[in-house]
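Below: the structure, in structure tokens.
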Amino acid sequence: MIELLNRAVSFAERTALVSNGKRYTYQNLLDASQNVAGNLLNGATDLNEARITFLVPPSFEYTAVQWGIWAAGGIAVPLCVLHPLPSIQYVVEDTRTNVVVAHTDFIDFLKPLEKETGIAIIPLSELLKKNTASLPDISLERRAMILYTSGTTSKPKGVVTTHANIEAQIVTLVSAWEWRKEDAILNILPLHHVHGIINVMSCALWSGASCEFLPKFDAKQVWDAIASGRLTLFMAVPTIYYKLISFWESASREARERLSKTSSELRLMVSGSAALPVPVLEKWRSITGLTLLERYGMTEIGMGLSNAYSGERRPGHVGLPLPGVKMRLVNSDNKTVKEGEPGEFQIQGPSVFQEYWKKPEATKKAFTDDGWFITGDIGMYHNGMYKILGRDSVDIIKSGGYKISALEIEDVLRKYEGIADCAVVGLPDEEWGEIIGACVVSNTKTIDAEAVKHWLKERLPGYKIPRKFVQRPSLPRNVLGKVTKNELKKNWPNDN
Ligand code: MCA
Ligand code: AMP
């Protein structure tokens, strides 16, 4: 039995999840995932790594489907509830799955996909029907999950992790951050990325703790949950802390005092997925008395570096390698750099992913000959700690904690009638980390930014839509004809 599920047996009567106002025990979760597994198997003995995509909002049912797929020997592929149909279709086709498990709210939305691709839509309710079929034994080396992440190629790549990878990603955090069964966490993050799936939900469930879902971020509801005194932990991206600070600042004096007092009682608050600006860390400390623990991770590796749980949390730094993680910083000749010199992070360890789904070339390129994963992040080690300095590619944008490929947006924009060429960049932004800017070239007319945004909404998720547009007669290029994006960023008009 998969260890996460095996451990759940010993927590049977404890609360595992709080979802849509209802409490569910570990036993409820085990029972529901047995039903899902049995119904997915539908008479077979093992799903044998069949990819099962599922479009289910963060909830008890989401977790039951994930566990059910694992228990039946399938690969869980969570789809994003915010994605438009073309983004969903891309994942469905890339994984070569033939089923999508769908929550009732998404069945009509998925109908055109069923027509076009012949894929079977399985209503979630069908999978939850009682089924006592016996389940296969799953070895740790088997593939367990595919998460899609943007990179330096236009289309997102499927990151494949095995059960062993997932277990290693969980165990290192449970140990480093001292998770215990008395813990309670609020999950406000999307469940198609590592941050929400592993750091929040799976660590809680591994530990016998409880995880409460808030399907969509809302500053007031988050503050209410914090102020209720029922949480011990909270984890989020820097943009969320920024939004929580704004909410606190606009509250009355009495409310501010109450929120500050109650939040100081949490045992740990973590920030990650993007650089935590030092002023946000400081402001949060002045409001709550807590120093945010900043850590560094990536879909391909889980978490790599973390500030200390007990010990120094240095602002602007990401600490040291987590247990089991080996990290090095190298120069362009792949030689380890000296202390105080910038280098690229490379990582080894049991949490590192197995492969990009059906992309052997990309997988090979992602590792050095001696087996280190090349992260593409630049950092430095000094005075006993690591610091992130940036990324080696201007084509990767981080906005609101989401990783976004500029090339993917450019490919879509070029299909808009009247756009002859374009360049997409990440512009620094206090709240979002970066905000997406698009510079468009049109030989014929003035491009109406609002009309373009509207058109893009049917093709890309909201967080990939440029917020700023400029139109130019041509794009700045170097002598080799390559667009000079850094120049474009530097000269971006201040009033746009
Ligand atoms: C939304 N808006 C944006 C963006 N997203 N504006 C600029 N940049 C953006 N990225 C706009 C919307 O168009 C809308 O404007 C308004 O902001 C509110 O939109 P909404 O979608 O309601 O935003 P939100 O719900 O407030 O979402 C903000 C959020 C969300 C909660 C910070 O972006 C989020 O959940 N981010 C977390 C992503 C995450 O989990 N990343 C982890 C991956 P208007 O009203 O004008 O339309 S990284 C990872 O897993 C690795 C391993 C790691 O290290 O953790
Ligand atoms: P993703 O591929 O969505 O998993 O995003 C991973 C990327 O987020 C990393 O490669 C980093 O560029 C960035 N990242 C994660 N945590 C941090 C952090 N604490 N500081 C700076 N960048 C971070």
Side-chain angles (χ1 to χ4, degrees), residues 1-9 16 26-56 60-79 91-103 119-148 158-171 191-192 194 197-198 201-202 205-206 299 302 350-359 363:
M1 198 174 182
I2 294 146
E3 191 52 17
L4 186 60
L5 279 68
N6 197 22
R7 292 173 64 86
V9 177
Y26 280 84
Q27 191 59 53
N28 296 148
L29 189 53
L30 286 167
D31 292 346
S33 54
Q34 159 70 47
N35 294 339
V36 171
N39 288 316
L40 280 173
L41 284 168
N42 193 21
T45 52
D46 192 326
L47 288 180
N48 288 316
E49 298 192 351
R51 278 77 56 210
I52 309 292
T53 55
F54 58 109
L55 191 54
V56 180
F60 167 73
E61 289 77 13
Y62 173 103
T63 319
V65 171
Q66 185 199 54
W67 283 22
I69 295 169
W70 286 343
I75 303 180
V77 188
L79 298 168
V91 173
V92 163
E93 289 180 348
D94 193 63
T95 51
R96 292 158 216 191
T97 179
N98 46 22
V99 282
V100 187
V101 176
H103 183 274
I119 194 165
I121 299 173
I122 308 185
L124 177 61
S125 50
E126 290 296 313
L127 289 189
L128 294 170
K129 286 184 180 154
K130 182 109 190 121
N131 191 311
T132 54
S134 60
L135 305 177
D137 269 340
I138 310 296
S139 67
L140 278 174
E141 295 66 39
R142 281 176 57 163
R143 295 176 180 88
M145 187 155 70
I146 304 181
L147 299 180
Y148 277 78
V159 173
V160 179
T161 41
T162 61
H163 288 285
N165 296 147
I166 292 175
E167 224 178 275
Q169 292 180 2
I170 298 171
V171 167
L191 287 184
H192 65 298
V194 164
I197 299 172
I198 302 290
M201 186 178 83
S202 305
L205 297 177
W206 180 275
T299 306
S351 66
V352 176
F353 77 125
Q354 175 166 301
E355 62 191 338
Y356 291 117
W357 177 249
K358 299 282 181 212
K359 290 195 169 41
T363 307

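Predicted model, so just to flag it, every value in this text is computed and none were measured.
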To the nearest 0.5 Å, how far apart are [atom1] in [X] and [atom2] in [Y]?
X: Phe353; Y: Ile166; atom1: CZ; atom2: CD1; answer: 13.5 Å
X: Ser33; Y: Tyr26; atom1: OG; atom2: OH; answer: 12.5 Å
X: Lys129; Y: Leu124; atom1: NZ; atom2: CG; answer: 11.5 Å
X: Ile198; Y: Thr161; atom1: CD1; atom2: OG1; answer: 6.5 Å
X: Asp46; Y: Leu135; atom1: CG; atom2: CG; answer: 10.0 Å

4.5 Å side-chain heavy-atom contact, [X] and [Y]:
X: Pro136; Y: Asn48; value: no
X: Glu3; Y: Trp206; value: yes
X: Leu205; Y: Leu29; value: yes

With Asn131, the side-chain hydrogen bond (donor to acceptor under 3.5 Å, both in side chains) member among Asn39, Asn35, Asn42: Asn39
Sidechain-backbone polar pair: [X] side chain, [Y] backbone, donor-acceptor under 3.5 Å:
X: Thr363; Y: Tyr356; result: yes
X: Thr53; Y: Val92; result: no
X: Glu167; Y: Leu4; result: no
X: Arg142; Y: Gly73; result: yes

Kindly give the heavy-atom pair with the smallest separation between [X] and [Y], and that separation in Å.
X: Ile146; Y: Arg51; result: CD1-CG, 3.8 Å
X: Met145; Y: Pro78; result: CG-CD, 4.5 Å
X: Phe54; Y: Ala76; result: CE2-CB, 3.9 Å
X: Val160; Y: Asn165; result: O-OD1, 4.3 Å
X: Gly68; Y: Ala37; result: O-CB, 3.3 Å
X: His192; Y: Leu147; result: O-CD2, 3.8 Å

Electrostatic pair Asp94-Lys359, nearest N-O below 4.0 angstrom: yes
Geometric class of the Trp70/His163 ring pair [parallel <30°, tilted 30-60°, perpendicular >60°]: perpendicular
Between Asp31 and Gln27: side-chain donor-acceptor atoms closer than 3.5 Å: yes
Side chain to side chain contact (heavy atoms under 4.5 Å, CB included) partner of Gln66, chosen from Leu191, Val36, Ile197, Val56: Ile197
Residue that, paired with Ile52, satisfies side chain to side chain contact (heavy atoms under 4.5 Å, CB included) out of Ile75, Val100, Leu47: Leu47
Check against side-chain contact (heavy atoms from CB on, under 4.5 Å), Leu127 and Val101: CA-CA 8 Å; Leu127 289 189; Val101 176; 3.6 Å; yes
side-chain contact (heavy atoms from CB on, under 4.5 Å) assessment of Leu140 paired with Thr162: CA-CA 7 Å; Leu140 278 174; Thr162 61; over 6 Å; no
Derivation and outcome, side-chain contact (heavy atoms from CB on, under 4.5 Å), residues Trp357 and Arg143: CA-CA 10 Å; Trp357 177 249; Arg143 295 176 180 88; 4.2 Å; yes
Asn6, CG: over 12 other non-hydrogen atoms inside 6.0 angstrom: yes
